[in-house]
Every structure is written in C-alpha cells, then in structure tokens.
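Take a look at the structure set out below.
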Amino acid sequence: MTQQHPKDTIQADLEALAEVFEAEDREDRRAEAQRRRDGLPEPKRDIRTFDGFADGGVAPRA
C-alpha cells in the first residue's frame, strides 16, 4: 500500500518558493547597492493611500 504525504509536497513547495523569494531579495539588494554606488537618486515609491484615512481625515479606533 502506498501512503501519500501531502505535507511533504506542501513543505517542498514552500521551500522552493522561499528560495525564489530569497533570490529576488538578493537581486533587489544588489541593484539597490549598485544604485547607491553610482550615486543615483532614490526611485519614487508607488505608495497608495485611501481617502480619509492616511490624509488625517479619519483616525483608526483605539
């Protein structure tokens, strides 16, 4: 009888995904360090806010 171990495949998938994320993070850090060495300005960030919250119009409940 063959016993299946779904957790094993999930764990393997998570580990593979973690490796991809780590590789992307390394590449991002490398590009950021190169940008700083080259003396380039910091790129603009795409930060979005919701009307009435981040602009101070509405405060979250405590």
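Every value quoted in this text rests on a predicted model; they were computed, and no experiment measured them. Residue numbers run from 1 in the order of the sequence given.
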Exercise for the section: Keeping to residues at least two apart or across chains, list the side-chain hydrogen bond (donor to acceptor under 3.5 Å, both in side chains) pairs with something in residues 14-26. Expected result: Q11-E15
Handout entry: Straight-line distance of T9 OG1 to L14 CG, nearest 0.5 Å
Key = 9.5 Å
Handout entry: E32 and R35 ion-paired at < 4.0 Å
Key = yes
